[in-house]
Amino acid sequence: MINFYHSPLGPLKIVNDNSHIVGLTWCDEPNDHIVNDDNELFAQASKWLDDYFSGKAAKTDLPFKLKGTDFQRRVWAQMLTISAGETLTYGEVAQRLNSSARAVGGACRVNPVVILVPCHRIIAATGIGGYAGKIAGVMIDRKTQLLSYDQGLSH
DNA sequence: AACCTATGCACCT
DNA sequence: AGGTGCATAGGTT
């Protein structure tokens, strides 16, 4: 089931399989024709996102299911250990997993569930690093803004 | 086995 | 400080 959520940073596509959220991704293509049907998971996700973007999101209790390789799962698990207002570098995560910075970046790039699994909290040793496969442009602006929302939450 | 990196770092202005 | 180049390591297919 596919729904759209219009966040202050742009439209998000929410995919669920009726028991878990399986995708939450930025979706800039026109989607006005999409009608959001009522479903419990979408309602929960919307509420959580409303809270997040209004500065009062708690830790996530949404059920989500991530499909990926073992390594990707390990990297995504690390993301969930980073609380709002904190960041780790690709190199630091790599060290924890006995891997390399670039490999970690690769797993971040294919994170299927943005924000909820906070890939934006992993940054480069120098600078902000990439986001959604991009190293400049609107996606990086979004990463910057998510980090500043995080700052608000950590207060 | 080849093909990529959302890196890091050294070495420059 | 900020930019460029490239060596490397590991993951993915």
Side-chain angles (χ1 to χ4, degrees), chain A residues 2-17 20-31 34 41-42 45-46 48-55 57-155:
Chain A
I2 301 176
N3 294 278
F4 287 88
Y5 176 89
H6 288 81
S7 83
L9 306 186
L12 287 162
K13 176 174 160 184
I14 305 178
V15 183
N16 77 76
D17 69 357
H20 299 271
I21 305 244
V22 297
L24 178 58
T25 51
W26 298 104
C27 179
D28 289 314
E29 298 93 65
N31 53 61
I34 301 285
L41 274 175
F42 175 54
S46 296
W48 188 87
L49 289 165
D50 285 346
D51 285 348
Y52 178 82
F53 286 111
S54 58
K59 225 174 162 57
T60 174
D61 52 350
L62 286 172
F64 54 85
K65 188 161 56 184
L66 308 178
K67 188 173 171 181
T69 65
D70 286 351
F71 177 75
Q72 287 162 354
R73 290 168 194 277
R74 292 209 301 279
V75 173
W76 300 336
Q78 287 295 312
M79 294 169 181
L80 293 168
T81 70
I82 312 173
S83 47
E86 295 177 341
T87 57
L88 289 178
T89 65
Y90 299 102
E92 285 166 344
V93 174
Q95 211 163 26
R96 294 182 178 193
L97 299 179
N98 281 312
S99 178
S100 74
R102 297 185 86 132
V104 169
C108 296
R109 182 165 46 85
V110 295
N111 173 26
V113 178
V114 298
I115 308 178
L116 220 50
V117 178
C119 57
H120 60 278
R121 293 178 190 156
I122 302 185
I123 62 178
T126 167
I128 194 174
Y131 192 62
K134 302 292 170 41
I135 57 173
V138 61
M139 286 303 181
I140 299 303
D141 295 342
R142 286 174 174 151
K143 183 172 184 175
T144 305
Q145 293 176 85
L146 287 173
L147 288 170
S148 91
Y149 276 106
D150 279 1
Q151 284 301 323
L153 293 177
S154 66
H155 290 163

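Every chain is numbered from 1, with letters handed out A, B, ... down the list of sequences. Small disclaimer: the values here were computed from a predicted structure and weren't measured.
Atoms CG (A:Asp70) and C1' (C:dT13) sit 16 Å apart, rounded to a whole Å. Between A:Lys67 atom NZ and C:dT12 atom C1' there is a gap of 15 Å when expressed in whole angstrom units. The distance between atom CZ of A:Phe71 and atom C1' of B:dT5, rounded to the nearest whole Å, is 12 Å.
Using a 4.5 Å heavy-atom threshold, the side chains of A:Phe42 and A:Val15 count as separate. Proximity of A:His120 to A:Val114: side-chain heavy atoms (C-beta onward) are nowhere separated by under 4.5 Å.
The side-chain contact (heavy atoms from CB on, under 4.5 Å) check on A:Arg142 picks up A:Leu9, A:Pro11, A:Trp26, A:Asp28, A:Tyr131, A:Val138, A:Met139, with sequence neighbours excluded.
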Report all side-chain donor-acceptor pairs from residues 100-110 of chain A shorter than 3.5 Å, counting only partners two or more places apart or in another chain.
| unit_1 | atom_1 | unit_2 | atom_2 | d |
| --- | --- | --- | --- | --- |
| A:Ser100 | OG | A:Ala103 | N | 3.4 |

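Scanning DNA chain C for stems, defined as runs of 3 or more consecutive Watson-Crick or G-U wobble pairs whose donor-acceptor distances all fall under 3.5 Å, gives the following ranges: B:1-5 with C:9-13, B:7-13 with C:1-7.
Sorted by first and then second residue, the salt bridge (charged side-chain N to carboxylate O under 4.0 Å, His left out) pairs with a member in residues 125-135 of chain A form an empty list; sequence neighbours excluded. A salt bridge (charged side-chain N to carboxylate O under 4.0 Å, His left out) check over residues 111-121 of chain A, counting only residues at least two apart or in different chains, returns the pairs A:Arg121-A:Asp150.
Tested against A:Phe64, the residues A:Ile21, A:Leu41, A:Val22 include a single side chain to side chain contact (heavy atoms under 4.5 Å, CB included) partner, A:Ile21.
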Nucleotide N/O of nucleotides 6-8 of chain B paired with protein N/O under 3.5 Å:
| unit_1 | atom_1 | unit_2 | atom_2 | d |
| --- | --- | --- | --- | --- |
| B:dA6 | OP1 | A:Arg109 | NE | 2.2 |
| B:dA6 | N7 | A:Ala132 | N | 3.4 |
| B:dA6 | N7 | A:Gly133 | N | 3.0 |
| B:dA6 | N6 | A:Cys108 | O | 2.8 |
| B:dA6 | N6 | A:Ala132 | N | 3.4 |
| B:dA6 | N3 | A:Tyr90 | OH | 2.7 |
| B:dA6 | N3 | A:Gly130 | O | 3.0 |
| B:dT7 | N3 | A:Arg102 | NH1 | 2.8 |
| B:dT7 | O4 | A:Arg102 | NH1 | 2.6 |
| B:dG8 | OP1 | A:Gly91 | N | 2.9 |
| B:dG8 | OP2 | A:Ala125 | N | 2.7 |

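In terms of phosphate contacts, A:Ser100 brings no side-chain nitrogen or oxygen within less than 4.0 Å of OP1 or OP2 of C:dT8.
Around the CG atom of A:Leu80, the shell of radius 6.0 Å holds more than 12 heavy atoms that belong to other residues, nucleotides or ligands.
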